[in-house]
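Report on the structure given below.
Since the model is a prediction, treat every value here as computed from it, not as a measurement.
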Amino acid sequence: MRTHFLTNDILNLSIGLALVLISIFLYFKKNLSLSITFLSIGAFALRFFIIKLDPFLYMWDESFHALVAKNTMANPFKPMLYTNPVLPYDPTCWVSNTVWIHGPSILWLIAISYKIVGVSELSTRIPSIIMSTLMVPILFRIGKITVNEKIGYLAAFLFATANYQLEMVSGIINGDHSDVASMFFICTSFWAWFEYKHSNKKYWLILIGLFSGLAVLTKWLIGFVVFFCWLLNIILNKEKRKRLTSYKELLKSGLIAIAIPAAWYVYCLIRFPKETVATLGAYSQNFTSVIESHSGNGSYYLDLIGPQYGWIVPFIILPSLYFLYKALENKNEFKITLITWLLSVELFYTLAQTKMPLFTIIVAPVIYLALGNLLFLVIEYLTTRVRKYKMGMIALLILLIGYSNVGISEIEGHHTDVGLMVSQREDYMHNASVFKEVGNRFPKKDYVLFNCKDPIRAMFYSGMTSYRDIPADTTCNRLKENGIKIAVFNDGKLPAYMLGDNNIIKLNYSIALGI
């Protein structure tokens, strides 16, 4: 059992930190193009470091996304959880049904990763680290367009080294890769909008619609938020709101955004009507009802600012946003868009009855721009006030912020065997090992596993249809009559009708409860 990072882990971490250090050096040398390149590579290295720490899938919701993506490889337009259900199931229950309708974009991306790299925990996380890494130069570009390139770099630097962003790609946080994709596609839709306003080149209209449409395919209607901000810009401009031509580009781009999810859901309504209606109904219920006990009070998302952005951020977020507002004083469109992006998302999810930690993470680019702007002001202040060793002091300040931001001790506590999650990690690794061994024992995958307590990961690793509980005697007889072979994990509590049946294979492995 390891008690700290392995040698390769330390090497990956060191490479990432070294690349970020070089990036900071180049920033002070005023070579921002090369600096952001090194920062992006460093961000990738840090993310690669964290996704290799866990040789297992997390339960919520990584294992579900991984299993459905694995099944999607064979049939991209029929994402499935259970590909061969032998027991009755509720088509509206997402944890035990067959056809999965929601969030196909991330499932397709993971399936492509499986096709290219092979099926593994690592390849499950590769799309997330690519998207999260790409957000570094994208955030730099948004900052450069809206304020200036130095603020763009500092915002990208804070994002690249942020502990919570690293944890998101590791799969440990509920929502995991789906929320990374949602944040990415929403961020890119705004990036395309800023580029369009900056250059007036028409191809950006297509990209706004494309990215927004993919965002809707990932996390439903919040993916259209860029158009709400765009429309508000028009309405608040006395001249533009009176001209029909002002709405022309918005409509063109909006039709593309609508067409992408519309095509998917119309197709699904035709092929899988029950599952589609249930999925669409669940989306609306998230706003009006508390789903699966995911509730919270009015300050739920405000309370998450510290855990998601750093312990000091709750104390500086308001001045950060104020100074960003001041920096955009002469850029009214950009100011309205960034502030509306932040406030509309926070208000929407605060009013929604169902609450999840990652719902509002899609405003992270705005918050990092505000924090980057505040850091820029601090650097400018120190530059004018400090006479001796000022560059060294400023560089040291940024280094300390970056190192603290990564949260190495927190990562060690979550992803090694010296932290608070030791027993859970041991259970996860044990189950993964058992399911792989069972899968090798049944190369034809022609048995159904029962009493496995962790059926989703069992299906991912073994390739066999698996169920949590022990079937009733009548169910066993019916399955055998239909030619279905049965294997059951023997936990010492099997009923007599299973113990006495020589046609049922008993697997003498202990399985930890899958939580």
Checking side-chain polar atoms at under 3.5 Å, does [X] have a donor or acceptor matched by the opposite partner on [Y]?
X	Y	value
Thr218	Ser105	yes
Tyr58	Asp54	yes
His294	Thr354	no
Thr337	Thr340	no
Tyr265	Thr279	no
Tyr203	Glu195	no

Side chain to side chain, Ile10 and Leu6, heavy atoms closer than 4.5 Å: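 A side-chain contact under 4.5 Å is absent here.
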Residues Ser295, Tyr300; criterion side-chain hydrogen bond (donor to acceptor under 3.5 Å, both in side chains); working and verdict: CA-CA 9 Å; Ser295 61; Tyr300 180 88; over 6 Å; no
Glu62 bridged to Arg125 by N-O distance under 4.0 Å: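 Result for this pair is yes, salt bridge flagged.
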Contacts of type ring-ring contact (aromatic ring centres under 6.0 Å, His included), residue Phe287, not counting sequence neighbours: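 So Phe287 forms a ring-ring contact (aromatic ring centres under 6.0 Å, His included) with Phe348.
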Those residues that, when tested against Thr92, pass side-chain hydrogen bond (donor to acceptor under 3.5 Å, both in side chains) (two or more places apart):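 Thr92: side-chain hydrogen bond (donor to acceptor under 3.5 Å, both in side chains) contacts with Asp90.
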Centroid-centroid under 6.0 Å between [X] and [Y] rings:
X	Y	value
Trp341	Trp230	no
Phe190	Trp193	no
Trp204	Phe194	no
Tyr301	Phe359	no

Please report the shortest heavy-atom distance between [X] and [Y], naming the atom on each side.
X	Y	value
Lys355	Asn297	CE-O, 3.5 Å
His102	Leu107	O-CD1, 4.2 Å
Leu499	Leu494	CD1-O, 3.4 Å
Pro88	Arg478	CD-NH2, 4.2 Å
Asn174	Asp179	O-OD2, 4.1 Å

Geometric cation-pi criterion Arg457 and Tyr428, 6.0 Å radius, 45° cone: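 Judged by the rule (NZ or CZ under 6.0 Å from the ring centre, within 45° of its axis), Arg457 counts as positioned above Tyr428.
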Ring-face cation contact, Phe489 with Lys453, 6.0 Å cut, 45° max: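 No, Lys453 does not sit over the ring of Phe489.
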Does [X] reach the main-chain N or O of [Y] with its side chain, forming a donor-acceptor pair under 3.5 Å?
X	Y	value
Tyr467	Val86	yes
Asn451	Asp469	no
Thr475	Pro471	no

Partner set under side-chain contact (heavy atoms from CB on, under 4.5 Å) for Asn405, not counting sequence neighbours: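 Checked Asn405 against side-chain contact (heavy atoms from CB on, under 4.5 Å); matches are Leu158, Thr161, Ala162.
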Flag if over 12 foreign heavy atoms under 6.0 Å of NZ, Lys480: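 Atom NZ in Lys480 is crowded, with more than 12 foreign heavy atoms closer than 6.0 Å.
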Tyr283, OH: over 12 other non-hydrogen atoms inside 6.0 angstrom: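 It does: Tyr283 OH has more than 12 such atoms within range.
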